[in-house]
Every structure is written in structure tokens, then in C-alpha cells.
Protein chains: 2
Amino acid sequence: MRKTAPTLANVAALAGVSQITVSRILRNKGPIAPDTRARVMSAVQAIGYVPNRVAGSLASAGSNLMGVVIPSLSNIVFPEVLRGIHEALDESGFQPVVAVTDYDMAREETLLRSLLAWKPAAMIIAGFDHTDESRRMLENSGIRVAELMDIDAEPIDIAVGLSHRRAGHATGRHLIECGYRRFGYVGHDWAADRRARLRYDGLCQALAEAGLSLAGESVGDGSSSVFAGRDGLARLRQSSPAVDVAVFSNDDMAVGGVFHCMAEGIVPKADLGLFGFNGLEIGQALPVPLSTIRSDRYRIGRLAVEHILNPARGDAPRIIDVGFEIVAGGTA
Amino acid sequence: MRKTAPTLANVAALAGVSQITVSRILRNKGPIAPDTRARVMSAVQAIGYVPNRVAGSLASAGSNLMGVVIPSLSNIVFPEVLRGIHEALDESGFQPVVAVTDYDMAREETLLRSLLAWKPAAMIIAGFDHTDESRRMLENSGIRVAELMDIDAEPIDIAVGLSHRRAGHATGRHLIECGYRRFGYVGHDWAADRRARLRYDGLCQALAEAGLSLAGESVGDGSSSVFAGRDGLARLRQSSPAVDVAVFSNDDMAVGGVFHCMAEGIVPKADLGLFGFNGLEIGQALPVPLSTIRSDRYRIGRLAVEHILNPARGDAPRIIDVGFEIVAGGTA
DNA sequence: CTGTTAGCGCCTTCAT
DNA sequence: ATGAAGGCGCTAACAG
């Protein structure tokens with residue numbers, strides 16, 4: 001067993017060429033004589049050479065690393081975004097270095113600093129809430145930055161997502177057209193979830209435009225979950241029994257609402273309308289498919305990578321809107 | 001705006017000290033005079049210096065990177081493992097570089113090569129199915145390797161997880177004690193999911209030990225999902241109507257089974273027992289909580305990091321069993 | 001407590 | 001088509 005890992009120099013010596021020739025062959029740069037290439041490749045095999053990208057990046061001042069910052073792994077939407085990022089990334093030979101902020105801006109700043117220290121080729125960040133220092137670091141880094149999920153604010157570089165305010169507004173319009181008038185809202189803690197707040201605002205605005213307002217709301221202080229949705233609807237029905245439709249902060253919550261109805265013998269739609277957000281599989285697999293708004297998280301991840309890897313041209317759009325789609329479903 | 005990023009040399013010049021002094025201060029190495037430190041720190045601030053870890057790692061022959069390889073982000077269990085890894089990791093100042101194989105061993109080999117090129121401090125890999133070349137690279141790399149999720153095979157270095165064979169066996173024993181005799185199995189494609197197969201084997205073994213065998217099975221050819229579980233149970237009931245309990249390959253599938261029952265007016269447990277695996281929140285939030293086996297994916301991630309960061313001592317265990325727990329629930 | 005001297009392994013530039 | 005020299009930014013190993 002060799003004690004120190006083989007280097008370019010070792011390969012070069014074995015193949016009887018210079019380091020740079022080996023380097024070129026391994027990177028497919030410049031013209032190489034076929035037999036030289038063969039000789040070198042077999043030397044690489046023979047000693048089991050693994051290139052050292054740390055050295056390579058230092059010398060060439062550029063890495064194949066991409067920084068990725070997300071607030072959470074618990075909320076299913078972020079793994080979905082990550083999936084899009086991963087797939088798009090490894091088609092282009094980049095590797096993601098992932099950091100999870102747990103919705104903490106100070107932590108985000110620290111993580112960002114660590115990521116930047118690796119000189120990533122670009123940075124993908126979910127959300128728009130950053131400390132001033134984070135923003136400054138990002139701007140000074142000189143690399144492309146994509147902010148994901150929402151497009152309701154001015155991005156540092158580019159933004160990829162959808163307008164959650166408009167999604168909330170569309171929810172209100174749709175349900176009003178369905179004939180609902182006495183709206184209830186079941187939500188979770190907003191501190192962490194700026195986008196849920198934007199949807200709420202959009203909903204309220206749609207109601208106001210129709211001369212309506214929320215008849216009741218039940219907002220928990222934890223993060224969203226099926227349990228929180230169950231409890232939330234139970235509380236809403238207690239405090240505001242007259243409500244004819246419940247809008248949930250997202251599908252997890254809404255599925256909980258459906259379960260509450262099942263347990264209480266309430267028939268969704270006939271007795272009470274239920275509406276979610278996200279379009280998760282679980283909602284569509286329910287005995288009665290959930291009425292909701294579908295967004296394409298996977299696509300957000302993919303598009304972010306694709307746009308950020310394309311050098312910015314002057315005419316490139318700074319905001320990429322993936323849109324959303326109302327799923328009529330059977331619960332509202 | 002400076003065109004090239006500030007370096008240690010710039011900070012040193014500004015503070016009137018040598019590079020190494022700045023380096024030491026930034027890494028809290030060795031004794032430093034308080035006023036020197038102060039001078040240097042303000043120089044760092046002044047020019048907005050961000051350390052370059054690429055250079056640092058090359059010089060010190062060691063990175064704070066940790067390779068992480070998982071098969072999928074779609075199956076909720078892997079984000080949960082990732083969460084454990086992330087939390088444990090950033091308490092120790094390491095950064096994960098994540099790769100997703102999509103259950104493809106050849107792709108895993110490629111990704112492994114790329115990860116190894118960054119000279120990570122250690123490697124965490126979900127699963128035991130690797131190409132020979134992957135195994136060789138891992139062994140030759142000289143770094144610690146943790147294989148996650150299952151412990152039913154011989155690890156390269158250490159394994160963290162639970163015995164899925166034993167979990168399947170426990171499922172069988174438990175349900176037999178509950179009085180069930182006519183077992184049905186509803187599963188998904190095993191090609192990707194070796195662990196589901198191990199649970200199946202354990203189940204069959206428990207049945208055999210009691211003089212029983214599967215009365216029917218319905219195995220889909222896609223990955224697990226709520227929809228697949230719904231359809232699977234529908235098919236099972238058609239082909240084997242006499243079955244008195246359905247064991248599902250996991251909770252997603254079992255929740256689908258519960259939905260099928262709801263839609264068909266079948267009462268879980270009274271009419272038909274339903275049993276899952278994983279202990280997901282969604283199962284426990286159902287109107288009737290799902291009977292299942294709970295495993296702690298988060299803990300698997302955490303423990304993997306903790307064990308792998310502790311230098312191997314001779315007496316350190318190579319297999320870390322996080323165990324599992326039967327959740328009686330209300331569906332079996 | 002601080003500095004000097006040498007690289008780490010590779011790639012860029014300029015030759016040949 | 002190939003090579004030689006030099007340096008990327010930082011840190012280990014010794015001084016002093």
C-alpha cells in the first residue's frame with residue numbers, strides 16, 4: 001500500500017512524458033498523439049491515479065463546485081428543489097455543496113462565508129431574507145447568484161420561482177367563483193415562512209376586492225404539518241362555526257384538515273370547502289383529491305441551474321417565473 | 001471595486017505583520033498578542049478578506065469537506081437522513097458535498113470519483129451495493145467510510161442503520177400474535193430497494209417458522225408511492241380476497257392502502273389489517289393511526305457523522321444498530 | 001509571540 | 001504535439 005496518493009508527476013514519470021501532457025490528456029485539452037494518450041491512460045490505470053481537484057482549482061482559479069443554501073430539509077418542497085438542482089447540475093459536471101440554515105439569517109451568513117471560501121462557480125439560495133452582510137458578500141464575490149422560490153422581491157442577481165402573492169390572490173378569486181363567501185384561514189408560523197405570508201396577503205386582497213374579508217383564522221405557532229392542520233381546523237371550526245371554506249397555508253396542513261373532517265364525519269365540499277397549496281402527491285392520492293394550487297418545485301431547481309450556468313447576457317431576464325396552476329380537486 | 005479578491009498577503013501588508021501571523025489568528029492557532037490580533041482583525045474587516053479554503057486545503061492536505069452519497073431525494077427517508085448528517089456536521093464545522101445516484105451503481109462510481117477528487121475528510125454512503133471499482137476507490141482513499149441504512153452486510157469500514165431483515169421478521173411475529181393468519185404483501189420494485197427486499201425476506205421467514213406462508217402478493221414495478229399502495233391493495237384484494245392482513249413495503253404504500261379502504265368502505269383492522277414500515281408522520285396523523293415499525297432516520301445520519309469523525313480506535317464497533325420499534329397503531 | 005523558508009499538486013504562459 | 005518555468009494562496013516546520 002502506497003502511503004501518499006499518486007500525483008500527476010508519478011503518472012508522468014511512469015508514462016515517460018511531462019506532467020502537463022498528462023494534465024492535458026486528462027482534461028481533453030489541445031491536440032495529443034494517439035499513442036501518447038494510450039500510454040498515459042494505461043499509466044493512470046496502473047497506479048490508480050485520482051486527480052486532485054483542490055490543487056487543480058487553486059491553479060486554475062475556478063472550481064466545479066456550486067453553493068446551495070436552503071432553509072430546511074423537513075419541508076418536503078426543499079428536497080424537491082434540491083432534486084431539480086442535482087439533476088441539472090450533474091449533467092453539467094458540477095457538484096453541489098449544500099448548507100441548511102434552519103430559517104436563521106445569522107446562521108445563513110456563517111454558512112455563506114464557509115461556502116464562499118471554496119470559491120464556488122455560483123450560488124443558489126432559497127429565499128430573499130438575508131443579512132446585509134450576506135448580501136454584501138454575495139455581491140462582492142463576483143459570482144452568479146440565484147434566489148429561489150419566490151419572485152415577489154428584487155433579486156441580487158436572478159430570481160426563479162413564482163409569485164406567492166398572486167397564488168394567494170388566485171386562490172381567493174377561484175373560491176369566490178365557486179360560490180364561497182365565509183372564508184376561514186388555517187396557517188402555521190410565518191416567522192420562518194415568508195411565502196406563506198405572501199399567499200395570505202394575496203388571499204386577503206382578493207377577498208377585499210370582492211368586498212369580503214376573513215371570517216376566522218387559526219394560526220399555529222409551529223411549523224406546518226399534518227397534525228397542525230388537523231388541530232388548526234378543529235380550532236377554526238370552534239371559533240368560527242359559520243365558515244364555509246377553509247384555506248390552508250399549504251397541502252400538509254390541508255391534508256390534516258381532510259383527516260379532521262374524516263374523523264368528525266364532515267364531508268369535504270358538501271359541508272365545508274378545503275383548499276391547500278403545493279399540489280403534493282399525498283393530497284392527490286386522498287380518497288377525494290385535494291383542491292389546491294400546484295407549483296413545480298423540481299423545475300425551479302432545474303431552471304435555476306440552467307440560467308445561472310449561462311453567462312449573463314444583457315438581455316437575459318432577471319426574473320424567471322415558473323407559474324402555478326389551480327387544481328380543482330374535489331374538496332372545494 | 002478591486003478586480004482580484006484580497007489575499008492573506010494583502011491583509012498582512014495592511015496590518016504590518018507576516019502572512020503566517022494572519023493565518024494563525026484566523027485559525028486560532030498558537031499564542032497571539034492581543035493588540036496584534038486586533039490590528040489584524042480590523043485589516044481583515046477593512047478589505048473584506050474571505051479566506052480561500054482551496055489554497056488552505058492544498059497546503060494542509062486536508063479539507064473540511066464530507067462526501068455524502070444517497071440514492072434518491074424523492075423517497076422521504078433520505079432527506080431525513082441528510083438532515084441528521086447536516087446538523088451533526090455543522091456542529092463540527094464540516095461541509096457536506098452531496099451526490100445523488102438515482103439507484104444506479106455505475107453513476108455512483110462516477111460520482112464517487114468526483115467526490116474523492118476533493119479530498120473529503122470522510123465519506124458517508126447510503127447502501128451497500130457498490131461496484132468493485134467503487135469499493136476499491138473507497139478502500140484506497142484511506143478515509144473513513146460509513147455505509148448507512150442497513151446493517152445486514154459486511155461494511156467497508158463502519159455501518160449505521162438497522163437490520164431490515166429483523167424488522168420484517170418482527171412484523172411477522174407481531175401480526176401472528178395479533179391473530180392474523182392469511183397474510184398478503186403489497187410491495188414496490190425491489191431493484192432499487194434492497195432493504196424492502198430484506199424486510200420481505202424476514203417476514204416470510206417469520207411466517208415459515210409459524211408454519212404459514214404468504215396467501216397473496218401484489219408487487220408493482222415502480223417505486224413506492226401512495227398511489228402505488230392504493231392500486232396494490234386493490235389488486236391484492238382481487239387476486240386474494242381471503243387475506244386478513246396486508247403488509248406493505250413501507251408507510252407510503254400503506255397510507256395508500258388506508259385510502260383504498262376509505263374509498264371502498266373497508267374498516268381497517270376490523271375488516272382487514274394494514275401494516276407499514278418507517279413510522280412516517282403522515283401515517284400517524286391518519287384518522288386511525290397506522291400500525292407500523294418506526295425507524296429513526298435522523299439518528300442514523302447523526303450517528304454516522306459522530307462515529308466517522310472519531311478516529312477509529314481498535315475497540316470501536318464497526319456496526320452501529322439504531323434499532324426499531326413496533327407501533328401498534330390502529331390498523332392491525 | 002512572530003517570522004522565514006518551502007512546498008502542497010496542478011495549470012497557465014510561453015517556448016520549441 | 002510536447003515541455004520548462006513559475007505561481008495560485010495558504011500552511012507546516014523550523015527558527016528566533
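Order of the sequence lines sets the chain letters (A, B, ...), proteins ahead of strands, with each chain counted from 1.
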* To do: Kindly say whether, by distance alone, the side chain of Arg53(B) makes a donor-acceptor pair under 3.5 Å with the base of dG9(D)?
  => no

In whole angstrom, give the distance that lies between atom [atom1] of [X] and atom [atom2] of [N].
{"X": "Asn52(B)", "N": "dT11(D)", "atom1": "CG", "atom2": "P", "result": "9 Å"}
{"X": "Arg27(B)", "N": "dG9(D)", "atom1": "CZ", "atom2": "P", "result": "17 Å"}
{"X": "Arg37(B)", "N": "dC1(C)", "atom1": "CZ", "atom2": "C1'", "result": "12 Å"}
{"X": "Lys29(A)", "N": "dT2(D)", "atom1": "NZ", "atom2": "P", "result": "17 Å"}
{"X": "Ile32(A)", "N": "dT2(D)", "atom1": "CD1", "atom2": "C1'", "result": "8 Å"}
{"X": "Leu26(B)", "N": "dC10(D)", "atom1": "CG", "atom2": "P", "result": "9 Å"}
{"X": "Gln19(B)", "N": "dT5(C)", "atom1": "CD", "atom2": "P", "result": "13 Å"}
{"X": "Ile25(A)", "N": "dC11(C)", "atom1": "CD1", "atom2": "P", "result": "13 Å"}

NA contact type, [X], heavy-atom cut-off 4.0 Å: base, sugar-phosphate, or nothing?
{"X": "Ala33(A)", "value": "sugar-phosphate"}
{"X": "Ile20(A)", "value": "base"}
{"X": "Leu58(A)", "value": "base"}
{"X": "Val17(B)", "value": "sugar-phosphate"}
{"X": "Thr36(B)", "value": "sugar-phosphate"}

* If you measure from the Lys or Arg side-chain nitrogens to the Asp or Glu carboxylate oxygens, is any gap between Arg135(B) and Glu139(B) under 4.0 Å? -> no

* Asked: Any ion pair linking Arg136(A) and Glu133(A) (charged N to carboxylate O, less than 4.0 Å)?
  -> yes

* Could you go through the salt bridge (Lys or Arg N to Asp or Glu O under 4.0 Å) check for Arg107(A) and Asp90(B) one step at a time? => CA-CA 10 Å; Arg107(A) 174 172 227 40; Asp90(B) 71 31; 3.0 Å; yes

If we ignore angles and hydrogens, is there a donor and acceptor under 3.5 Å between the side chains of [X] and [Y]?
{"X": "Tyr298(A)", "Y": "Glu87(A)", "result": "yes"}
{"X": "Thr131(A)", "Y": "Glu109(A)", "result": "yes"}
{"X": "Glu147(A)", "Y": "His130(A)", "result": "yes"}

* To do: Report the nucleotide, chosen from dG3(C), dT11(D), dG9(C), that has the shortest atom-to-atom distance to any side-chain atom of Ser18(B).
  => dG3(C)

* Asked: Which nucleotide in the list dT11(D), dC8(D), dC10(C) gets nearest to the side chain of Leu8(B)?
  -> dT11(D)

* **Residue whose nearest DNA chain C nucleotide is more 5′ - Gly16(B) or Ser60(B)** => Gly16(B)

* At their closest point, which heavy atom of Asp157(B) faces which heavy atom of Arg318(B), and how far apart are they? -> O-NE, 2.9 Å

Less than 4.0 angstrom between a side-chain N/O of [X] and OP1 or OP2 of [N], yes or no?
{"X": "Arg39(B)", "N": "dT2(C)", "answer": "no"}
{"X": "Ser23(B)", "N": "dT11(D)", "answer": "yes"}
{"X": "Tyr49(A)", "N": "dC10(C)", "answer": "yes"}
{"X": "Thr7(A)", "N": "dG9(C)", "answer": "no"}
{"X": "Thr21(B)", "N": "dG3(C)", "answer": "yes"}

* **Pairing pattern in dot-bracket form [Watson-Crick, G-U; both distances under 3.5 Å; | = partner strand] for DNA chain D** => ||||||||||||||||

* Structure fact -> Residue pair Pro51(B)/Arg24(B) against DNA chain D: nearer the 5' end by closest nucleotide is Pro51(B)

* **Student check: side-chain heavy atoms of Ile125(B) and Leu112(B) closer than 4.5 Å** => yes

